[in-house]
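No experiment lies behind these values; they were computed from the predicted model shown. First the proteins, then the strands, lettered A, B, ... as listed; each starts at 1.
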Number of protein chains: 2
Amino acid sequence: MQTQDPLTATFAALADPTRRAMLARLTQGPATVNELAEPFALTLPTVSRHLKVLEQAGLISKQRSAQSRPCTLEIAPLVEADAWMAQYREFFTTRFDRLDTQLKAMMAARADAAKPSRGDQ
Amino acid sequence: MQTQDPLTATFAALADPTRRAMLARLTQGPATVNELAEPFALTLPTVSRHLKVLEQAGLISKQRSAQSRPCTLEIAPLVEADAWMAQYREFFTTRFDRLDTQLKAMMAARADAAKPSRGDQ
DNA sequence: ACATTATTTGCGCTATCGCGTAATTACATG
DNA sequence: CATGTAATTACGCGATAGCGCAAATAATGT
């Protein structure tokens, strides 16, 4: 896993349903590797590797508590991804506005078509 | 590319700097495959395949205008990804609040440490 | 019909991903 | 120190990703 830019690492980490489910679980609070593995039909090594991907993306951190290593959700990469999305939020609100305008124009045209027997008042 | 759930397809599509750059370009308005290829040191077939990934994720659509196929940014998958993120937005605002509280507590403790030569007033 | 421009498809290559099994490290406890 | 529990690393496998090159398709202009 060649070092890549943070956004790429974040999106790559999120591009897997198992990993997203793990993050969802971690919103409930920290959990050990075993606990995180429990809902899945996957072996522990596989789960461990998924967690490593999340960790390297900065999406989780691992503490050490006795034999277990509880994982905690880390928000920084999500904030960054969110900031990236924001760039498009503006775009798509204007897009929606335009759609809205178009829609209104269409409805107006339809209304006109419905009662065409009128002058411009 | 086995059919997968939309979020996975979206995040996978976003997990590539080239594809993200293409989306950024498309916020400026539609562009042809050639135009989208121009900034990159990539062959056209490669660019075409990147665009196919974006299209299959629903992030762009292709029109046909004469010989060229202008691509347009489509927002639906971004809205969906945004909705997924929102689930965490709430989490990380509470997280920040907690951090904030902790920080204030720490600073208060420091202030106390700075002037310990005082009774409880 | 023929040449031109725009884009995609087929093929082969190397690299990475996701998975399991087996072996290994790191702690804790009898 | 031996045993058990938690987690990781090593190794190999089949599938997929990303790339270029060459060939094919699509639409247009001559």
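Thr43(A) comes within 4.0 angstrom of a nucleotide base, judged by non-hydrogen atoms across all strands. Residue Thr18(B) is classed as having no contact, given no heavy-atom separation below 4.0 Å to the nucleic acid. Residue-level contact check: Ala41(A) touches the backbone only, with heavy atoms under 4.0 Å from sugar-phosphate atoms and none from bases. Residue Ala12(B) is classed as having no contact, given no heavy-atom separation below 4.0 Å to the nucleic acid.
Taking only distance into account, the side chain of Arg19(B) never meets the base of dG18(D) through a donor-acceptor pair shorter than 3.5 Å.
Not one side-chain nitrogen or oxygen of Lys62(A) sits closer than 4.0 Å to the OP1 or OP2 atom of dA7(D). The shortest distance between the side-chain N/O atoms of Thr46(A) and the OP1/OP2 oxygens of dG20(C) is below 4.0 Å. Taking 4.0 angstrom as the limit, Asn34(A) places a side-chain polar atom (N or O) nearer than this to OP1 or OP2 of dA7(D). Note on His50(B): a side-chain N or O is less than 4.0 Å away from OP1 or OP2 of dC19(D). Ser48(A) has a side-chain polar atom (N or O) that falls below the 4.0 Å cut-off from OP1 or OP2 of dT8(D).
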**Study point:** Test log, rule side chain to side chain contact (heavy atoms under 4.5 Å, CB included), inputs Leu51(A) and Lys62(A)
**Key:** CA-CA 9 Å; Leu51(A) 291 171; Lys62(A) 287 183 194 157; 4.2 Å; yes

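Closest to the side chain of Lys52(A), out of dT9(D), dA7(D), dG10(C), is dT9(D).
Along DNA chain C, the nucleotide closest to Arg49(B) and the one closest to Thr32(B) are compared, and the more 5′ of them pairs with Thr32(B).
Distance Leu51(A) CG to dG18(C) P: 13 Å, rounded to the nearest Å. Taking atom CD of Gln4(A) as the reference point, atom C1' of dA17(D) lies 13 Å away to the nearest angstrom.
Classification of the Phe11(B)-Phe11(A) ring pair by plane angle, with boundaries at 30° and 60°, yields parallel.
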